[in-house]
Amino acid sequence: MTAHSGFAPGHPGLAPTWTSSDKDLVGTALGSSRLWFTLGHGIVNEVYFPRIDIPQIRDLGFIVADGAGFWVEVKRQADYTLDLPAPGVPLPVIVHRHPRFSLTLRICVDPVRDVLRLEVELSGDPALRPYLLLAPHLGGTGCNNRAWAGRHRGRRMLSAQQGPFALALLGVDAEFRDALTATSAGHVGSSDGWQDFARHGRMRWDWHEAGPGNVALMAALPQRASLALGLSTSPQAAATLALSSLAEPFAAVSEQQAAAWTDWHAARATRCGAFDLPAALDAQLRTSAQVLKTHSDKTFMGAMVASLSVPWGNQGDERGGYHLVWPRDLVECAQALLALGGEAEARAVLGYLMATQNADGHWLQNQWLGGRPYWSGVQLDETAFPVLLAVSLAEHGALGGMPVADMVRRALAFLLREGPSSPQDRWEEEVADFWNARLEDWCVARDSALGREHGVAAHYVREAPKDILACPAALKRHLAIKNRAEEPGLDATAQVGVDFLQLVRLGLRRADDALILDTLKLVDALLKADTPSGPVWHRYNGDGYGEHADGRPFDGSGRGRGWPLLVGERGHHALARGDDPLPYLHAMNAMASAAGLLPEQVWDAAPLPQRHLQPGRPTGSAMPLAWAHAEFVKLAVSHASGQVFDRPAAVWQRYAGKSPAAATWVWTPGARIGHLAAGRDLLILLPQPAVLHLGFDGWNHGFDRPTQPLGLALHGLKLDAAQLRSCRVLDFTWQGMDGAWLGEDFQLLLAT
């Protein structure tokens, strides 16, 4: 070994990236520890602390070498097994195999300290020894990290710091003696441990310090060692946590956690009952329950991120996206926790949502756990879903006295003011009836070229332009798809998605409704892919969110692939129609990883072995996707009960899946309808009190009427059909209570 001292060369290192989202496992401890880990390719990937939205390392892997030129990085040889004590118990034993050795890794989170424990055991050729590679990404970035290979209280220690976050890694042998026999710090791409082996075939460097920049750490180990990665606010504090944890035998910590997870599953099963599933699906259910539990934060109780992964993460350093709270995804997960008997966990989610609702009633499109916004878009489903969660808890008698009325009122007021058109796609009774009654007028293409091509007279569209409310011809206008390198130039009638199935899921339309079934024919023709794992569906035609055709990662454009969660949604439709949903559960299970993680997307084209892409198997998208696990859980529960778990009973009681006859039509500033059918009353609904100035057929017979408070902080004026019967056009504007006129006139065509 060549002795060095001081600062490693190559500052600041290569541009940092995250690791692949192809995870083997995600885990945490049942206890006060605020640490989460992921595994991928047989090694530790991201470790999160002190919140589930802050990853602190890129990866922690191993090289096995003999010091004479032979060396293997175990994650690259990809010959390993991963075993768990039982499904849903995240205490992995990983064995990497090679003709010259077996490397066994045991991993566990200390339940009372912010420490990740690892047991390392190398067997085989006695000339070999393991070497640890650690890539800090403190504070959620690989930039501006500082790293040291030094000593702490006489022991060798690897440490790093960036801003308020620090880590320390120490190791001991069976006698609690120092197990790190040599250490080095370096800059990624020039003086890191992997470069040392790539250039010299053995460990020669002994750099003491690196950074600020993209740094990496290395240590030589004996053939057996117990390691602890501690996280805190300084290297010294992290080292104290790590050494304190190392004083506890690994086996004792692991056995305690095995018992804790086993008891958690048993309590869950007691609360929600048996599901009578085949063994493979029961194992997947346990895994999905554990994945959902693992995605919950321990500081912001009730908050859950979308995924403990970075989609196509090895392409960049961007931390956001899936390490965020999305209200829609959060509610989907909360409903699954409720289905598993987790009433307290679902209430915690609702409490978090109540705390992060904006003053005007809506929720952010997504946010960091503390409530700081990330993306600024407004999606109406992000506001509607928390209301559905409150309703679901109430229907299950599980609100526990939570005062949800104010939250619900403000959310509904926002939806009434801004709906039914959302600025972005995805996904009091008179207004609800009116919108429900007009769904097919606004969202159905009739006699379209796409429909004629596939023998379908009418079908739901993926998205209708906002001006469809006033102009039926708007469906024939171009509707942009923004995640494509080349915009396909399709009008709304030529775009079909799967979101319309929510009409069945929520009880607004029957599963056997002719229009639902006709649209499904189109969906199956355009969006369905048959894979060795089973059928899978794309979100919509023209979707660009996925790998390119040649397997290159999504880079802002690409081609959308099949989503396993959509298999679950299709299974719920089958159940609502009276068919067996079990085949859909089997398909979702077949698309999971070896350890049961469900991906966001699966590959649905010809195999690309060089890109590790196989039909029906996970792509480089998020894995696990918490929402996909939530959908599996809910379909399993729905299968057991024989009815859709999260269909609101009140909606079904009111509509029974049928379009209502709306006696009153509604005009709002956010939903400016262009005409009024004959025999209908008209409600003009405003967000503030005003005096409406009205006239007919060019402001003839003008008159003024004050609005009346209608609840939900809304005000309105209702005109009955008799007042409008003999006129062709209603003209109106309004004057605020401060005397100021709006400055804009409106016209509504009146059918005679």
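Inter-residue side-chain proximity for Trp207 and His187 is flagged as unmet; no heavy-atom pair is nearer than 4.5 Å. Proximity of Leu132 to Met218: side-chain heavy atoms (C-beta onward) are nowhere separated by under 4.5 Å. Residues Leu308 and Ile52 are in side-chain contact: their nearest non-hydrogen atoms beyond the backbone lie under 4.5 Å apart. At a threshold of 4.5 Å between non-hydrogen side-chain atoms, the residues Thr17 and Arg58 count as touching. Counting heavy atoms from C-beta outward, Trp148 and Gln161 have side chains that approach closer than 4.5 Å. You'll find the side chain of Phe101 stays beyond 4.5 Å of the side chain of Ser123, heavy atoms only. Using a 4.5 Å heavy-atom threshold, the side chains of Met203 and Ile63 count as separate. Residues Pro92 and Ile107 have side chains in contact (heavy-atom distance under 4.5 Å, counting atoms from C-beta outward).
Judged by the 6.0 Å and 45° rule, Arg100 forms a cation-pi pair with Phe70.
A 6.0 Å sphere centred on CZ of Arg199 holds more than 12 heavy atoms belonging to other residues, nucleotides or ligands. Within a 6.0 Å radius of CZ in Arg155, other residues, nucleotides and ligands contribute more than 12 heavy atoms.
Judged by distance alone, the side chains of Gln236 and Thr240 never bring a donor and an acceptor atom under 3.5 Å apart. Looking at Glu46 and Trp36, their side chains never bring a donor and an acceptor atom within 3.5 Å of each other. Of the N and O atoms on the side chains of Asp24 and Tyr80, at least one donor lies less than 3.5 Å from an acceptor on the other residue. Using a 3.5 Å distance cut-off with no hydrogens or angles, the side chains of Glu73 and Trp194 do pair a donor with an acceptor. In this structure, a donor-acceptor pair under 3.5 Å is absent between the side chains of Ser307 and Lys23. At a cut-off of 3.5 Å, with distance as the only test, no side-chain donor of Arg117 or Ser254 sits close to an acceptor on the other residue.
What you find for Val310 and Ser21 is that their closest heavy atoms are O-CB, 3.3 Å. Nearest heavy-atom pair across Leu598 and Ala628 is CD1-O, 3.7 Å. In terms of heavy atoms, Ser232 sits closest to Leu241 at CB-CD1, 4.1 Å. Between His11 and Pro212 the shortest heavy-atom distance is NE2-O, 2.9 Å. Across all their heavy atoms, Pro16 and Asn214 have their closest contact at CA-ND2, 3.4 Å. The minimum heavy-atom distance between His96 and His41, with the atom names listed, is CE1-O, 3.9 Å.
A distance of 9.5 Å separates OG of Ser102 from CD of Glu121, quoted to the nearest 0.5 Å. Residue Glu332 holds its CD atom at 14.0 Å from NE2 of His629, rounded to the nearest 0.5 Å. Taken from CG in Leu25 to OG1 in Thr294, the straight-line distance is 8.0 Å, to the nearest 0.5 Å. Here the straight-line distance linking atom CD of Glu345 with atom CG of Leu340 works out to 8.5 Å at 0.5 Å rounding.
Among Trp363, Trp368, Trp326, the single residue meeting the ring pair (Phe, Tyr, Trp, His ring centres under 6.0 Å) criterion with Trp375 is Trp326.
Between Trp261 and Trp264, the ring-plane angle classifies as perpendicular under the 30° and 60° cut-offs. In this pair, Tyr352 and Phe300 present their aromatic rings perpendicular. The plane angle is above 60°, beyond the 30 to 60° band.
Using a 4.0 Å cut-off between charged nitrogen and carboxylate oxygen, Arg156 and Asp178 do not count as a salt-bridge pair. In this structure, Arg34 pairs ionically with Asp114, as a charged nitrogen and a carboxylate oxygen lie closer than 4.0 Å.
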Problem set entry | Working for side-chain contact (heavy atoms from CB on, under 4.5 Å), residues Arg153 and Leu170 | CA-CA 11 Å; Arg153 303 187 186 279; Leu170 297 97; over 6 Å; no
Exercise. Could you walk me through whether Glu119 and Arg224 pass the side-chain contact (heavy atoms from CB on, under 4.5 Å) check?
Worked result: CA-CA 8 Å; Glu119 290 279 284; Arg224 293 184 179 181; over 6 Å; no
Exercise. Would Leu122 and Val120 count as a side-chain contact (heavy atoms from CB on, under 4.5 Å) if you check the C-alpha gap in whole Å, the side-chain angles of each, and the deciding distance to 0.1 Å?
Worked result: CA-CA 7 Å; Leu122 182 66; Val120 181; 5.7 Å; no
Exercise. Should Thr19 and Asp59 be marked as a side chain to side chain donor-acceptor pair (under 3.5 Å) after you check the CA-CA gap, both sets of side-chain angles, and the distance that decides it?
Worked result: CA-CA 7 Å; Thr19 56; Asp59 56 14; over 6 Å; no
Exercise. Are Cys333 and His295 close enough, and set up right, to give a side-chain contact (heavy atoms from CB on, under 4.5 Å), and what steps lead you there?
Worked result: CA-CA 9 Å; Cys333 294; His295 276 74; over 6 Å; no
